[in-house]
Amino acid sequence: MRYLPLNEADRAQMLATIGAKSVDDLFVDVPASAHLTAPVDLPRYAGEMEVEAQIKAMAAKNLSPSRVPFFVGAGAYRHHVPSTVDHIIQRSEFLTSYTPYQPEIAQGTLQVLFEFQTQVARLTGMPVANASLYDGSTAAAEGVLMAQRITKRNKAVMSGGLHPHYTHTVETLAHAVGMETEALTPAVDAEAEVLKHIDKDTACVVVQTPNVFGTATDLTQIAEAAQAAGALLIVVVTEVMSLGLLKSPGEMGADIVAVEGQSIGVPLSFGGPYVGLFAAKEKYLRQMPGRLCGETVDADGERGFVLTLSTREQHIRRDKATSNICTNSGLCALAFSIHMSLLGQEGLKRVAKINYAKAHALKDQLASIAGVDVLTPRFFNEFTVKLPKVAAEVVEALAAKGILGGVPFTRLHNDAAFDNHLIIAVTETVSDTDMSAFVAALKEVL
């Protein structure tokens with residue numbers, strides 16, 4: 001479709017129809033202090049070739065993960081995505097699919113989402129999963145609101161190991177509905193501390209494994225203690241690849257599970273779009289946010305797929321809805337499902353073991369450097385070290401040497417007590433040469 005701009009007569013007719021004297025009338029609710037008094041400080045226009053040259057010059061300033069040793073994680077991870085994934089998601093029957101309100105013409109889309117739900121349920125060890133949410137952080141926040149509805153309690157306690165971005169997202173949504181939140185002080189290995197903060201008004205405790213510092217924790221005893229106090233256990237996982245090796249949240253007794261699924265099928269993409277995985281115990285099925293796809297039979301007894309438990313209130317009566325998330329990350333969920341199908345159960349385990357082995361190999365090398373203290377006691381593919389210098393400065397020095405050496409924790413949580421903490425991730429994409437270069441460069445900049 002060609003873009004045909006409106007002329008002045010068109011604009012005048014549209015304004016007259018809605019009863020506005022001018023375009024300015026459409027912005028009367030914007031405070032005068034927020035109005036621009038001059039055009040935005042950008043070039044007025046340029047030719048396509050000139051713009052392309054400028055954009056390429058700016059892009060060239062970036063250090064791409066595909067060109068340099070890359071050890072950045074902290075919630076978004078570089079994994080190998082087979083080219084098959086990109087090929088399949090661009091097929092016309094998938095590329096244009098969106099909201100499957102009409103099951104009779106959306107069987108392919110519905111079946112993909114049904115298979116996706118099955119994969120998520122098996123990964124998380126939970127009986128039911130939905131057809132995706134926007135990302136891991138909003139999935140965690142939806143889990144907290146769901147716990148409030150189930151328990152009729154009004155407080156959420158979040159562990160000091162929960163990713164700060166997730167903590168802030170939960171706080172934002174909880175505040176909007178008048179729910180109380182308590183975020184504990186960041187800690188490398190203290191998920192069980194949430195139990196000390198449970199009271200009669202606590203709807204849920206939110207813990208993460210592996211946590212933001214990389215520490216993996218068996219949450220079984222935490223689940224038992226929280227549930228004995230009448231609170232639900234919400235388990236957050238930011239590195240879904242870890243579920244190929246570690247005990248699943250369902251095995252540990254989780255009530256609700258919120259996972260960032262980006263590691264499987266979805267590239268880093270400058271921070272999004274990603275895909276939120278959401279699962280829960282079956283008894284909480286009707287309180288789950290978003291949509292669920294189900295399997296059925298048609299009038300002829302043939303297998304078919306439909307949307308189930310996607311209440312109309314989510315679309316037309318917002319104040320009555322269990323959640324106002326009524327769509328999903330469909331394309332990213334498709335990419336996730338394709339990649340999972342290519343890996344299979346055994347393939348996922350093999351990739352997870354490679355991640356584990358490479359991360360522990362790098363940990364051993366870094367631990368031998370004078371002044372470097374490995375803080376994370378148990379981990380999958382990510383761990384935190386304490387450096388003898390400010391971590392942010394070290395990362396900049398490493399970048400100048402062509403190495404992306406991790407995430408300073410102060411980028412996530414601004415607290416001087418963590419100035420020297422550096423979070424390092426190692427995936428199957430990291431080579432032995434990359435690790436040797438990192439270790440050598442780190443010795444130089446320290």
Side-chain angles (χ1 to χ4, degrees), residues 74-75 136-148 151 153-239 249 252-260 375-379 382-384 386 391 407-423:
S137 63
T138 50
E142 284 287 343
V144 169
L145 301 186
M146 177 176 164
Q148 181 195 43
T151 64
R153 296 181 176 186
N154 204 48
K155 175 184 171 184
V157 179
M158 296 174 283
S159 83
L162 182 63
H163 194 299
H165 292 174
Y166 286 57
T167 300
H168 298 159
T169 303
V170 170
E171 290 173 339
T172 299
L173 266 70
H175 172 75
V177 299
M179 191 175 180
E180 179 187 352
T181 56
E182 182 179 0
L184 305 190
T185 302
V188 173
D189 184 18
E191 298 304 298
E193 284 295 306
V194 293
L195 299 177
K196 298 177 182 179
H197 297 261
I198 294 178
D199 57 28
K200 59 181 178 59
D201 197 38
T202 303
C204 61
V205 293
V206 186
V207 298
Q208 180 177 326
T209 184
N211 69 17
V212 68
F213 297 99
T215 304
T217 304
D218 188 332
L219 306 173
T220 305
Q221 294 183 349
I222 299 175
E224 293 171 353
Q227 292 155 0
L232 302 186
L233 174 66
I234 299 178
V235 177
V236 168
V237 180
T238 60
E239 171 52 300
M252 294 185 285
D255 294 291
I256 298 170
V257 182
V259 183
E260 174 52 66
L375 302 179
T376 311
R378 308 166 304 278
F379 62 92
E382 189 168 31
F383 57 93
T384 300
K386 187 174 183 181
V407 178
F409 184 68
T410 50
R411 283 201 62 183
L412 309 176
H413 179 82
N414 190 15
D415 184 339
F418 296 93
D419 275 352
N420 293 19
H421 287 54
L422 179 65
I423 304 170

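Below, each value reflects all heavy atoms present in this structure, side chains not excepted, and no hydrogens, waters or symmetry copies.
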- Residue pairs passing the side-chain hydrogen bond (donor to acceptor under 3.5 Å, both in side chains) test where at least one lies in residues 172-187, sequence neighbours excluded: Lys155-Glu182, Glu182-His197
- Message: Test your reading of the model: is there a side-chain donor-acceptor pair from Gln208 to the backbone of Pro210, 3.5 Å cut-off?
- Response: yes
- Can you find a pair of side-chain heavy atoms, one from Val194 and one from Met158, that are under 4.5 Å apart? no
- Query: So which heavy atom on Ala258 is nearest to which on Gly136, and how close?
  - Reply: CB-O, 4.3 Å
- Query: Are any of the side-chain heavy atoms of Val144 and Cys204 separated by less than 4.5 Å?
  - Reply: yes
- What residues form a side chain to side chain donor-acceptor pair (under 3.5 Å) with Glu382, not counting sequence neighbours? Tyr77
- Message: By the definition side chain to side chain donor-acceptor pair (under 3.5 Å), identify the one residue from Asp218, Asp189, Thr215, Thr209 that meets it with Arg378.
- Response: Asp189
- Pro164 and Val212 have their tightest heavy-atom pair at CD-CG2, 4.0 Å
- Message: Tell me whether Thr376 contacts the main-chain N or O of Thr384 through its side chain, where contact means a donor paired with an acceptor under 3.5 Å.
- Response: yes
- Message: Consider side-chain contact (heavy atoms from CB on, under 4.5 Å). Of Thr220, Ile222, Val206, which one does Leu233 pass it with?
- Response: Ile222
- Item | Heavy-atom closest contact (Pro186 atom, Phe213 atom, distance) | CB-CZ, 4.2 Å
- Message: Using modelled atom types and a 3.5 Å cut-off, is there a donor and acceptor pairing between side-chain atoms of Asp201 and backbone atoms of Arg153?
- Response: no
- Message: Going by the rule side chain to side chain donor-acceptor pair (under 3.5 Å), which residues pair with Glu171 if we only count those two or more places apart in sequence or in a different chain?
- Response: none
- Query: If you round to the nearest 0.5 Å, how far is CG of Asp419 from NZ of Lys386?
  - Reply: 10.0 Å
- Item | Greater than 12 external heavy atoms within 6.0 Å of Gln221's CD | no
- Message: Treating Asn211 as the side-chain partner and Val188 as the backbone partner, does any N or O pair qualify as donor plus acceptor under 3.5 Å?
- Response: yes
- Taking every non-hydrogen atom, the tightest pair across Ala226 and Ile198: CA-CD1, 3.9 Å
- OG of Ser137 to CG of Leu162: how many Å apart, nearest 0.5 Å? 10.0 Å
- Message: If you compare all heavy atoms of Ile423 against all heavy atoms of Ala74, which two are closest, and at what distance to 0.1 Å?
- Response: CD1-CB, 4.5 Å
- Task: Give me the ring orientation class for His163 and Tyr166: parallel if the planes are under 30° apart, tilted from 30 to 60°, perpendicular past 60°.
- Result: tilted
- Note on the structure: Note: Pro249 and Val257 closest approach over all heavy atoms is CB-CG2, 3.5 Å
- Pairwise distance OG1(Thr202) to CD(Gln148) - rounded to 0.5 angstrom: 12.5 Å
- When rounded to the nearest 0.5 angstrom, what is the spacing between CZ in Phe409 and CG in Leu375? 11.5 Å
- Is the side chain of Glu191 donor-acceptor paired with the backbone N or O of Leu219 at a distance under 3.5 Å, no angle test? no
- Just by modelled atom types, is the Thr138 backbone N or O under 3.5 Å from a matching donor or acceptor in the Thr169 side chain? no
- NE2 of His421 to CG of Leu412: how many Å apart, nearest 0.5 Å? 12.5 Å
